[in-house]
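Taking it in order: structure first as structure tokens, then the write-up.
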Amino acid sequence: MSEKKPIIRCNPVFKQMVWGGTRLGSDFGYEIPGDSTGECWGIAAHKNGDATIETEEFKGETLRSLWEKRRDLFGNLSGEVFPLLIKIIDAKADLSIQVHPDDAYAAEHEDGSLGKMECWYIIDCPEDAELVVGHNATTREELADMIHNKKWDQFIRRIPIKKGDLIQIDPGTVHAITSGCLLLETQQNSDITYRVYDYDRLVDGKLRQLHVEQSIDVIQVPAKSVEDSKLHTQDLPKNQWNELIACKYYRIFKLTLDGEIAFKQTHPFLNLSVIEGEGTCNGETVKKGDHLILPCGFGDVKMTGKMTVIASTVNDK
Ligand code: ZN
């Protein structure tokens with residue numbers, strides 16, 4: 001008989017950013033390191049941010065070291081790095097307009113790094129919020145012309161968003177988070193970003209570096225349609241896992257719990273981030289801001305309470 005595996009609790013890593021704010025402290029109750037905290041890396045095993053593990057059985061480990069030593073907890077998946085990175089982002093100001101390469105481009109031009117597919121779940125945003133997703137160029141020549149000649153008003157495409165929307169950002173998609181948005185990001189475990197445009201802002205008296213030629217290389221032309229970029233998730237049934245998206249790198253699920261749910265954890269691992277409310281998971285208290293991993297072979301799960309949880313795992317189908 002094998003013993004019940006423990007829930008792996010991750011301690012987030014915080015990042016100060018020029019565009020960050022204080023809501024990760026005021027809304028999520030984290031002890032943030034300063035007044036411009038832009039990112040909470042909740043489930044992270046990256047060289048630039050590696051979550052320490054709170055769970056007694058794994059005290060002293062980080063998610064990276066657990067991935068190295070205890071691959072059985074993650075279904076003996078192959079791969080050099082833990083495949084996903086889960087962040088909560090507080091944008092007090094607009095982020096620069098950027099694009100990520102795909103795996104092939106990153107491997108060739110970024111020292112073997114992974115590319116980056118990412119997905120945003122909008123936790124909160126202003127009434128009339130818009131995000132930058134995609135662009136308006138129809139050919140690569142037009143794209144290069146718009147970027148080289150700074151025709152930003154023509155180039156940038158903005159799409160309206162609401163709380164509870166899900167936006168998938170494929171590699172090659174021009175994107176930017178805008179001021180006032182609080183969101184949960186599920187992404188490939190990579191940190192390669194090409195900055196296309198930074199609104200000509202000065203940071204410490206200087207313009208931030210742009211990556212114009214790399215951007216023109218990797219931007220997908222034409223951009224995916226607005227309709228294909230966005231999913232409303234507000235009215236999904238309660239007390240069940242609703243799959244929001246399945247792409248090559250991840251599957252994302254949402255649970256709006258008001259009562260209880262019982263299910264089996266049969267994925268190689270299951271990331272859980274509580275973004276609202278509180279309750280229990282197999283008797284342990286869980287609350288807004290908690291980031292957990294249910295390991296491989298975890299088996300029966302019972303969750304109770306009133307909370308919203310976003311979950312993710314790899315796509316092993
Ligand atoms: Zn991005």
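Side chains are part of it too, since the values below use all heavy atoms of this structure and drop only hydrogens, waters and symmetry mates.
- R64 places no side-chain N or O within 3.5 Å of a backbone atom of H46 that could act as its donor or acceptor partner.
- The aromatic rings of H109 and Y105 lie parallel to each other, with less than 30° between the two planes, well short of the 60° mark.
- Here the shortest heavy-atom pairing between R251 and V314 reads CD-O, 4.1 Å.
- The backbone N or O of G115 lies less than 3.5 Å from no partner atom in the side chain of D102, so there is not a single donor-acceptor pair.
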Q168/T173 under side-chain contact (heavy atoms from CB on, under 4.5 Å): CA gap, chis, key distance, verdict: CA-CA 9 Å; Q168 169 81 340; T173 303; over 6 Å; no

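- Open room surrounds NZ on K92; 12 or fewer heavy atoms of other groups in view lie less than 6.0 Å from it.
- Within the 4.5 Å cutoff, the side chain of L63 has heavy atoms near those of the I43 side chain.
- Other residues, nucleotides and ligands contribute at most 12 non-hydrogen atoms within 6.0 Å of the CG atom of D111.
- Between the side chain of N189 and the backbone N or O of A45 there is at least one donor-acceptor pair closer than 3.5 Å.
- Annotation: K5, atom NZ; neighbour count of heavy atoms from other residues, nucleotides and ligands within 6.0 Å is above 12.
- The shortest distance between side-chain heavy atoms of M117 and C247 falls below 4.5 Å.
- Side-chain contact annotation: N282 with E284, donor-acceptor N/O pair under 3.5 Å absent.
- The closest side-chain heavy-atom distance from F263 to L270 is below 4.5 Å.
- Put simply, the side chain of L255 does not reach to within 4.5 Å of the side chain of L272, judged on heavy atoms.
- Residue pairs meeting the ring pair (Phe, Tyr, Trp, His ring centres under 6.0 Å) criterion with at least one member in residues 211-240, sequence neighbours excluded: Y194-H211.
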Output, in order, the C-alpha distance, side-chain angles, deciding distance and verdict of side-chain contact (heavy atoms from CB on, under 4.5 Å) for I216 and I147. CA-CA 8 Å; I216 293 171; I147 293 177; 3.8 Å; yes

Kindly determine whether V212 and H148 satisfy side-chain contact (heavy atoms from CB on, under 4.5 Å), including the steps that lead there. CA-CA 8 Å; V212 171; H148 284 139; 4.0 Å; yes

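- Looking only at distances, no side-chain donor or acceptor of R9 sits under 3.5 Å from a matching main-chain atom of D290.
- Distance CD1/I32 to OG/S26: 7.0 Å, rounded to 0.5 Å.
- A 4.5 Å side-chain heavy-atom check between M307 and E276 finds every atom pair outside the cut-off.
- Listed by chain and number, the residues in a side-chain contact (heavy atoms from CB on, under 4.5 Å) with D90 are R23, L24, L182 (sequence neighbours excluded).
- Interatomic distance, C281 SG to L257 CG, rounded to the nearest 0.5 Å: 10.5 Å.
- The backbone N or O of K163 lies less than 3.5 Å from a partner atom in the side chain of Q234, making a donor-acceptor pair.
- Between N239 and G259, the closest heavy-atom pair is OD1-N, 4.1 Å.
- Side-chain polar atoms of E118 and H175 form a donor-acceptor pair below 3.5 angstrom.
- Side-chain N or O atoms of K288 include none that pairs as donor or acceptor with a backbone N or O of G29 at under 3.5 Å.
- When all heavy atoms of P12 and Y30 are compared, the closest pair comes out as CG-CE2, 3.9 Å.
- With a 4.5 Å cut-off between side-chain heavy atoms of Ile, Leu, Val, Met, Phe, Trp and Tyr, the cluster of I169 takes in M17, V18, W19, I89, L95, W120, I122, L131, V133, I159, I161, I167, I177, L183, V203, V226.
- Counting side-chain heavy-atom gaps under 4.5 Å among Ile, Leu, Val, Met, Phe, Trp and Tyr, the cluster of W41 also holds V13, L85.
- Shown here for V274 and F28, the closest heavy-atom pair between the two residues is O-CE2, 4.2 Å.
- Among pairs with a residue in residues 268-297, those fulfilling ring pair (Phe, Tyr, Trp, His ring centres under 6.0 Å) read F82-F269, at least two apart in sequence or across chains.
- Side chain to side chain, N271 and Y250 fail the donor-acceptor criterion of an N or O pair below 3.5 Å.
- Checked against side-chain contact (heavy atoms from CB on, under 4.5 Å), K238 has the following partners two or more places apart in sequence or in another chain: T256, D258.
- Side-chain atoms of S225 come within 3.5 Å of backbone N or O of D228 as a donor-acceptor pair.
- Closest of all the heavy-atom pairs between C181 and A129 is SG-CB, 4.5 Å.
- Within the structure, salt bridge (Lys or Arg N to Asp or Glu O under 4.0 Å) contacts touching residues 165-182 (residues at least two apart or in different chains) are D170-K224.
- Between the CD1 atom of I310 and the CG atom of L244 there is a distance of 6.0 Å, given to the nearest 0.5 Å.
- One distance of note links NE2 of H100 with NZ of K116; it measures 4.0 Å at 0.5 Å rounding.
- Residues P101 and E108 form no side-chain contact, since every pair of their non-hydrogen atoms from C-beta on lies 4.5 Å or further apart.
- Side-chain atoms of K87 do not come within 3.5 Å of backbone N or O of Q187 as any donor-acceptor pair.
- Hydrophobic clustering (ILVMFWY, side-chain heavy atoms < 4.5 Å, transitive): L166 and W241 are in distinct clusters.
- Between the side chain of W67 and the main chain of E80, a donor-acceptor pair closer than 3.5 Å is present.
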Taking distance alone, no hydrogens or angles, what donor-acceptor pairs closer than 3.5 Å link side-chain atoms of residues 294-305 to residues at least two apart or in another chain?
from	atom 1	to	atom 2	distance (Å)
D300	OD1	K264	NZ	2.8
T304	OG1	T280	OG1	2.5

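- Here N136 contributes atom CG and D153 contributes atom CG; the two are 10.5 Å apart, rounded to the nearest 0.5 Å.
- In this structure, CG on N11 lies 10.5 Å from SG on C40, to the nearest 0.5 angstrom.
- A heavy-atom distance below 4.5 Å is found between the side chains of P6 and F58.
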L210/D198 under side-chain contact (heavy atoms from CB on, under 4.5 Å): CA gap, chis, key distance, verdict: CA-CA 8 Å; L210 301 180; D198 196 28; 4.3 Å; yes

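- Nearest heavy-atom pair, I86 versus S312, reported as atom, atom and distance to 0.1 Å: CD1-OG, 3.4 Å.
- Salt bridge annotation for D204-K206: absent, with no cationic side-chain nitrogen under 4.0 angstrom from a carboxylate oxygen.
- When hydrophobic residues (I, L, V, M, F, W, Y) are linked wherever their side-chain heavy atoms come within less than 4.5 Å, the members clustered with V81 are L114.
- Linking Ile, Leu, Val, Met, Phe, Trp and Tyr residues whenever their side-chain heavy atoms come within less than 4.5 Å places I293 and L184 in a single cluster.
- Contacts of A137 classified as side-chain contact (heavy atoms from CB on, under 4.5 Å), with partners at least two apart in sequence or in another chain: H135, E142, L143, M146.
- Residues R70 and E61 are not paired through a salt bridge, judged by the lack of any N-O separation under 4.0 Å between the basic side chain and the carboxylate.
- With sequence neighbours excluded, no residue forms a ring pair (Phe, Tyr, Trp, His ring centres under 6.0 Å) with Y121.
- With a 4.5 Å cut-off on side-chain heavy atoms, L66 and L73 count as touching.
- No continuous path of hydrophobic side-chain contacts links I245 to F253 [ILVMFWY only; heavy atoms under 4.5 Å].
- With sequence neighbours left out, the side-chain contact (heavy atoms from CB on, under 4.5 Å) criterion links N149 to D145, K151.
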